[in-house]
Amino acid sequence: MVAKKKTVPDVRGRFGPYGGRYVPETVIYALEELTEAYRFCRRDKEFRAELNNYLSNYVGRPTPLYFAERFTEHLGGPQIYFKREDLTHTGAHKINNTVGQILLAKRMGKKRIIAETGAGQHGLATATVAAHFGLPCVIYMGAEDIERQAPNVEKMQLLGAEVVSVKSGSRTLKDATSEAMRDWVTNIASTFYIIGSVVGPHPYPMIVRDFQSVIGKETKKQCRRLWGGLPDVMVACVGGGSNAIGVFVDFLKDTSVRLIGVEAAGHGLRSGKHAATLLRGKPGVLHGAFSYLIFDSDGQVILPHSISAGLDYPGVGPEHSLLHDTGRVEYAAATDKEALSTFKLVSRLEGIIPAMETSHALAYLVKHRRKFCKADRIVVCLSGRGDKDMPIIRKMSEQSG
Amino acid sequence: MSRIRQTLAGRGKHKLLVPFLTVGYPDFDTSIDLVRTAIDSGADIVELGMPFSDPMADGPQIQYSSQIALANGTDMKKVLQAVEQIRAGSGVPIVLMGYFNPVWARGVEAFAAASHRAGADGFIIPDLPVEEAADFLLCLKDLDLSAIFLVAPTSSPERVQLVDSACTDFVYAVTVAGVTGAARKFSSSTDAYLKGLSRSLSRPFVAGFGVSSPESAVRLCRHADGVVIGSALISAFRQAKNRREGLKSVRCLLSDIRKALP
Ligand SMILES: Cc1ncc(COP(=O)(O)O)c(C=O)c1O
């Protein structure tokens with residue numbers, strides 16, 4: 001396998017104008033230390049062998065590329081394939097990244113792990129690898145998310161992690177991230193902060209992308225094997241953007257492949273209650289990076305909204321901001337309602353319960369099915385499974401009587 | 001000569017007392033009164049906090065004050081209004097401290113110019129390290145506004161040099177790795193760190209984060225040229241029974257520190 005030459009980010013962590021390191025001085029040294037460790041490890045044979053071993057035997061890779069026959073039939077249009085990240089250990093793509101980062105933490109001699117989480121999938125994947133390596137682990141999670149993603153909270157606690165309920169601000173992912181950063185600043189020497197998406201200060205967006213790129217690399221091979229070519233379209237949901245970058249990055253140079261990222265439109269793009277950062281935000285600075293962000297004329301961050309905890313975030317990874325500006329990736333959005341009905345539809349048609357986050361990507365296809373040809377082959381990144389979302393389903397059916 | 005340079009040049013053996021107060025906490029008018037009280041209690045420079053929705057380098061006290069300020073409608077316009085009102089009655093240097101996004105949202109150049117017109121003297125933006133500050137620095141330089149960057153115990157010797165040369169007048173030394181917050185016990189490693197800075201920095205420096213008492217201020221000022229005190233002031237105000245008592249607590253705390261310092 002030939003290592004692909006990556007042109008972004010540059011040495012300052014910039015993807016075009018986006019990215020960088022907008023962090024307090026205390027953190028700079030830790031970012032430099034991490035950059036150095038990663039620069040060494042990414043080329044180190046032993047590190048890569050260890051990572052690959054974990055990906056095969058612990059995470060369960062490669063994940064299948066599955067032809068969703070009944071969903072395809074239902075749509076009556078393009079042929080839909082699911083890249084089955086829901087079948088990984090802990091049930092979402094998040095573990096591809098946490099396995100990589102904890103191996104870095106181990107190499108760097110860090111003694112304590114922290115992470116933020118929205119849907120709880122990243123928290124679960126972090127608690128899992130921390131348990132495996134016997135490292136103490138603290139997970140920051142918004143109070144609202146603790147409620148709507150309760151099954152994951154219990155699992156994290158069972159695995160020995162301390163789950164801290166964050167009650168400030170939006171009580172969701174944004175404030176959990178701020179709180180994790182405060183912990184990190186305070187315990188900077190001993191603690192490794194495992195960031196869960198392609199966000200945050202350099203080198204995180206690069207590191208998380210690289211660890212998630214395994215999704216797209218496998219997909220490419222599997223497409224070749226299945227039909228001897230590339231897919232026509234790829235679709236993924238975008239919260240911070242890690243599953244999307246992971247599945248897209250190996251196809252960026254294949255310009256025949258349409259790449260579509262789907263954000264959360266919440267109550268609707270014009271409602272003011274959404275998390276459609278690229279479609280409705282503008283460039284700004286939050287959590288260490290310059291990237292698209294949802295904020296008011298005074299620069300204050302606007303509380304986002306999405307039914308899905310994993311997409312309920314006012315920012316997005318800096319590489320997505322660049323891909324949005326260049327137009328290489330198209331961004332669209334799906335509402336709470338569309339995601340919820342697709343969640344149920346796909347469960348019944350395929351016997352696969354998709355995560356509420358993933359359901360946004362699937363909902364895009366339901367809505368736009370007529371725009372595609374019958375011969376189009378579309379790969380959807382099935383980023384995770386939806387058993388964690390049962391409290392949301394319960395609440396919604398109670399509300400509708 | 002700028003107000004900051006005048007203050008620094010005339011200080012002799014006098015240590016600088018630098019209170020931090022959030023504009024709009026607990027309300028706009030009281031926050032102005034708090035700053036005036038601080039000036040009357042011997043402040044040499046005041047830091048005015050510009051509230052932000054996501055203050056990731058701040059502990060509970062300053063988070064709380066920002067939340068209250070935003071909830072009562074304190075925006076960047078109000079911040080400049082506060083500067084004007086304070087400036088009308090005092091020549092004490094005013095440094096604006098806050099996060100980058102609100103400054104960016106108003107337009108870096110435009111906001112710097114407006115701050116200058118209102119009577120501000122400089123900026124501290126904790127989430128804008130030197131590497132990301134090139135454009136901002138140019139704007140400040142044009143207006144002869146002071147740029148103050150932070151050094152931390154984790155800063156390498158090279159970075160200390162970088163910060164020293166990027167700061168226009170003085171440097172802000174973070175006492176310990178952490179967020180702003182209440183009382184800290186400083187250890188001998190803090191002393192050693194500050195002593196090291198007093199040797200390696202070419203500029204005067206003030207020490208901040210966790211200063212809560214005359215004792216801690218005196219200890220830091222063995223090596224530092226002054227102290228910044230923020231969370232402890234907000235905490236003192238919060239604990240008081242009413243507004244009048246709150247103002248009194250802040251006045252007493254600052255006066256006690258002022259008297260203890262050379
Ligand atoms: C299953 C699943 N998909 C997607 C996301 C969104 O994150 P990202 O955009 O980084 O893939 C999450 C986040 O929690 C998730 O759990």
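Within every chain, numbering begins at 1; the chains are lettered A, B, ... in the order of the sequence lines, protein sequences first and strands thereafter. Please read these numbers as outputs of a predicted model, since none were measured by experiment.
Of the listed residues (B:Phe100, B:Tyr64, B:Trp104), the greatest number of heavy-atom pairs within a distance under 4.5 Å of chain A belongs to B:Trp104. Note: B:Leu150 leads B:Val103, B:Leu150, B:Leu128 in heavy-atom pairs under 4.5 Å with chain A.
Residue A:Tyr22 touches chain B through both its backbone and its side chain, counting heavy-atom pairs closer than 4.5 Å. Neither the backbone nor the side chain of A:Ile302 comes within less than 4.5 Å of any heavy atom of chain B. The contact between B:Phe52 and chain A is made by backbone and side chain atoms together, counting heavy-atom distances below 4.5 Å. Of the two parts of A:Leu293, only the side chain, counted from C-beta on, holds a non-hydrogen atom closer than 4.5 Å to a non-hydrogen atom of chain B. For A:Asn187, no part lies near chain B; criterion is any non-hydrogen pair under 4.5 Å.
Other residues, nucleotides and ligands contribute over 12 non-hydrogen atoms within 6.0 Å of the CD atom of B:Gln81. By the 6.0 Å contact criterion, CD on B:Glu109 is open, its count of non-hydrogen atoms from other residues, nucleotides or ligands being 12 or less. The number of heavy-atom neighbours closer than 6.0 Å to NZ of A:Lys282, taken from other residues, nucleotides and ligands shown, is above 12.
Between the side chain of A:Asp298 and the backbone N or O of B:Met76 there is at least one donor-acceptor pair closer than 3.5 Å. With B:Glu132 contributing its side chain and A:Arg21 its backbone, the two residues share a donor-acceptor pair below 3.5 Å.
Listed here is the closest heavy atom pair of A:Thr26 and B:Gly178: CG2-N, 4.4 Å. Counting all heavy atoms, side chain and backbone alike, B:Met56 lies closest to A:Arg182 at O-CG, 3.1 Å. Taking all atoms of both residues into account, the shortest heavy-atom contact from B:Ala177 to A:Ile188 is CB-CG2, 4.0 Å. The two residues A:Pro24 and B:Ala57 come nearest to each other via the heavy atoms CG-CB, 3.8 Å. Here the closest non-hydrogen pair linking B:Val179 and A:Val185 is N-CG1, 4.3 Å.
In this structure the side chain of A:Glu25 never reaches within 4.5 angstrom of the side chain of B:Pro126, judged on heavy atoms. Residues A:Leu286 and B:Asp54 are in side-chain contact: their nearest non-hydrogen atoms beyond the backbone lie under 4.5 Å apart.
For residues 151-159 of chain B, heavy-atom neighbours of chain A at less than 4.5 Å comprise B:Val151, B:Ala152, B:Thr154, B:Ser155, B:Arg159, sorted by residue number.
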- Message: As a quick check of understanding, evaluate side-chain contact (heavy atoms from CB on, under 4.5 Å) for B:Gln67 and A:Ser168, giving each step before the final call.
- Response: CA-CA 9 Å; B:Gln67 251 169 19; A:Ser168 53; 4.1 Å; yes
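In this view, B:Leu70 and A:Gln300, B:Pro51, B:Ser53 satisfy the side chain to side chain contact (heavy atoms under 4.5 Å, CB included) rule, not counting sequence neighbours.
Note that NE2 of A:His287 and CG of B:Asp127 are 10.5 Å apart. Values are rounded to the nearest 0.5 Å.
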